[in-house]
Amino acid sequence: MPEVTLVDAINLVLARAMQDDPNVIVFGEDVGINGGVFRATAGLQQRFGPERVLDTPLAELLISGLCVGMASQGLKPVGEIQFMGFIYPCIDQLVNHASRLRHRTQGRLSCPMVLRAPCGAGIRAPEHHSEHTEAMLTHIPGLRVVIPSSPERAYGLLLAAIHDPDPVVFLEPTRLYRGARGLVDDNGEALSLDVAFVLREGRDVTLIGWGAILKETLAAAEALADEGISAEVIDLATLKPYDAETILASVAKTGRCVIVHEAARTGGLGAEIAALLAERGLTSLLAPVARVAGYDTVIPLPRLEQSYIPSINRIVSAARRACRFT
Amino acid sequence: MGVASAMRQEDVLLPSYRDNGALLWRGVKMEEILLYWGGDERGNLSSGPPHDFPFCIPVGSQAPHAAGVAYALKFRKQQGVAVCLLGDGATSKGDMYEAMNFAGVHRLPVVFVVNNNQWAISVPLKLQTAAQTLAQKAIAAGFYGEQVDGNDIVAVREAANEAIDHARRGCGPRLIEALTYRLGDHTTADDAARYRLPQDVQMRWKEEPIARLRAYLVSQKAWGKAEEEELSSHCQREIDAAVERYLATSSRAPETMFEHLYKDLPAVYAAQREELEGLANA
Ligand SMILES: Cc1ncc(C[n+]2csc(CCOP(=O)(O)OP(=O)(O)O)c2C)c(N)n1
Ligand SMILES: [Mg+2]
């Protein structure tokens, strides 16, 4: 098994899916000869030809709309939005068409598409290139939203997204593209899109995160262990629909919960999880549910981005407070 | 009607909400159209070609679908053509330009037909664009666009035939601007007297397409009073029967709103579904 980066894992999945299924079509801006600005599609056009791997005009609404049109006729489009900050013109297509085509035709047509988008801060990118606005998408019924936190999970989850019969937005943390390495067996095995991953077991507090921030979250769990606090770490991974049972089971055991996300705090997906715990986990809670999130500010330009991304310290402090709460 | 009659079964229709005629021609039943507008998604299950799109409500947003459909048809080397119906208002949206632009690059088998009825609810064409014609918008996308008298069904059919055939032969997309006039209010909730003069509308009734077709057929001695009465009572019977079938459709249990949301409803939504079921049975 080779050790690969997360972006390599994405590339492996795309190549395998295209190899296995002639209906898979990959397109977006610069995905052809250039192999994508992050090289996620490197080599694909050479291997599968320009009809299956194509550079689109610079038009994001078009990319998402093409996905709907192709998927309705039985193709398996995998569109790429170059950065999440440019996904907003796609929202109309995602809300009004992709996510409801199956329902509004009562199953006559469906929309098995994948829209990939790199997301998040931490790579000193210019303005608009560090967005982490998944909650805009998780509010859309009929859609799936997925984000990996390691090359292994990137492989299994993206493969599952491509196999899935419904529309999936697949977010890829840019910070992990080359910052995360792992052993990936290119065995064509997909992961489930319905279950969260328990990355570390613990007794005292549950830390829930997704995407790149799990790096800090796992480091925080390590630091907490030095203080004698045993933290359980959950990678939610599938943000819509999300696995409520794994969260509830963990908090039933630990009695405490800290939700960590890079996205802005207000109306973030953390609020949904806190509400879930208030509704269905209240009796097991020994401390208030805490959120460690991006601030309700515009994501700052690179000089300040490290102050914006939740730090190990902030996570440790929140977990400590929860454990000391009486 | 003129456009739909030029299509083949394997072609793919992407209609706007205004295109009842095209849907009926494609085999969608009248009661299905009534069912959809009567508030029931089952109307879109439709007896028309299964690959056709349902009505598109967000104006212009079906244009990029048409490009995607056309790409799929071409990719699979199928003979079909995507036919996208839009209003004059829709030509102001980037959606349509993005779709035409892509269709031009790949010479896709798609025909865009703009039903230029001069109005987008209360907004007249001159506030929609300063372009001399809507047909010329195709030029910017690198293909041919033409105007046709939209009140002349024979001319529309001819233009559609030509454009669809052109696309089918692999010669690329086409745009047709069908010039017509919206004689009625935009919807039953609209009152066009607020924004246009009744005498202006009155004048346009002279070009009303059914009357023109009738006059033409009569002049050719191909149509007369007897045929007119026969057709009229035939239509009345069809409509009455369709309305009856529509009114007789069973209602559905509220929890069916969870059906076809995803192929298989994710477990996490089962509780919501059960709650609704419980309320319905209480
Ligand atoms: C994107 C969008 N904006 C607004 C509306 C509300 N609306 C419905 S029809 C309409 C006018 C459309 O005019 P046009 O494209 O000329 O079509 P027509 O109804 O005249 O055939 C508007 C503004 C809508 N359905 N979709
Ligand atoms: Mg109009």
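Note that the coordinates shown come from a computational prediction; the quantities given were computed from them, not determined experimentally. What's counted below: heavy atoms across the whole structure, side chains too, no hydrogens, waters or symmetry copies. Convention: sequence-line order gives letters A, B, ...; per-chain numbering from 1.
- For residues 63-79 of chain A, the interface with chain B (any heavy-atom pair closer than 4.5 Å) comprises A/Gly65, A/Leu66, A/Val68, A/Gly69, A/Met70, A/Ser72, A/Gln73, A/Gly74, A/Leu75, sorted by residue number.
- Of the listed residues B/Arg42, B/His51, B/His65, B/His106, the one with more heavy-atom pairs under 4.5 angstrom with chain A than any other is B/His65.
- For the options A/Leu101, A/Leu193, A/Leu109, A/Asp194, heavy-atom pairs under 4.5 Å to chain B are most numerous at A/Leu109.
- Remark: aromatic rings of B/His186 and B/Trp119 are distant, center separation not under 6.0 Å.
- Donor-acceptor pairing under 3.5 Å is recorded for the side chains of A/Thr246 and A/Asp243.
- For residues 11-34 of chain B, heavy-atom neighbours of chain A at less than 4.5 Å comprise B/Val12, sorted by residue number.
- The backbone N or O of A/Lys240 sits nowhere less than 3.5 Å from a side-chain atom of A/Thr238 that would complete a donor-acceptor pair.
- Chain B forms the most heavy-atom pairs under 4.5 Å with one residue out of A/Leu58, A/Asp164, A/Asn96, A/Leu143, and that residue is A/Leu143.
- Heavy atoms closer than 4.5 Å to chain B are found in the side chain of A/Gln93, but not in its backbone.
- Contact of the A/Phe197 side chain with the A/Arg153 side chain is registered, since non-hydrogen atoms from C-beta on lie closer than 4.5 Å.
- Looking only at distances, no side-chain donor or acceptor of A/Glu80 sits under 3.5 Å from a matching main-chain atom of A/Ala117.
- Judged by distance alone, the side chains of B/Asp95 and B/Ser61 never bring a donor and an acceptor atom under 3.5 Å apart.
- Using a 4.5 Å cut-off on side-chain heavy atoms (C-beta onward), A/Leu239 and A/Ile147 make contact.
- With chain A as the partner, the residue from B/Ala66, B/Gly43, B/Ser46, B/Ala99 showing the most heavy-atom pairs under 4.5 Å is B/Ser46.
- If you check the side chains of A/Glu232 and A/Ser250, you find a donor sitting under 3.5 Å from an acceptor.
- Contact annotation for residues 242-270 of chain B against chain A (heavy-atom separation below 4.5 Å, listed by residue number): B/Arg252, B/Thr256, B/Met257, B/Glu259, B/His260, B/Leu261, B/Tyr262, B/Lys263, B/Pro266, B/Val268, B/Tyr269.
- With a threshold of 4.5 angstrom between heavy atoms, B/Phe53 approaches chain A through its backbone and through its side chain.
- With respect to the salt-bridge test (charged N to carboxylate O, under 4.0 angstrom), the residues B/Glu41 and A/Arg104 do not qualify.
- Of the two parts of A/Pro165, only the side chain, counted from C-beta on, holds a non-hydrogen atom closer than 4.5 Å to a non-hydrogen atom of chain B.
- Using the six-membered ring where Trp is involved, B/Tyr71 and B/Phe102 have ring planes that are tilted, between 30° and 60° apart.
- With a 4.5 angstrom heavy-atom cutoff, A/Ser110 does not touch chain B via any of its atoms.
- At a heavy-atom cut-off of under 4.5 Å, chain B is reached by A/Pro22, A/Asn23, A/Ile25 from residues 16-37 of chain A, listed in order of number.
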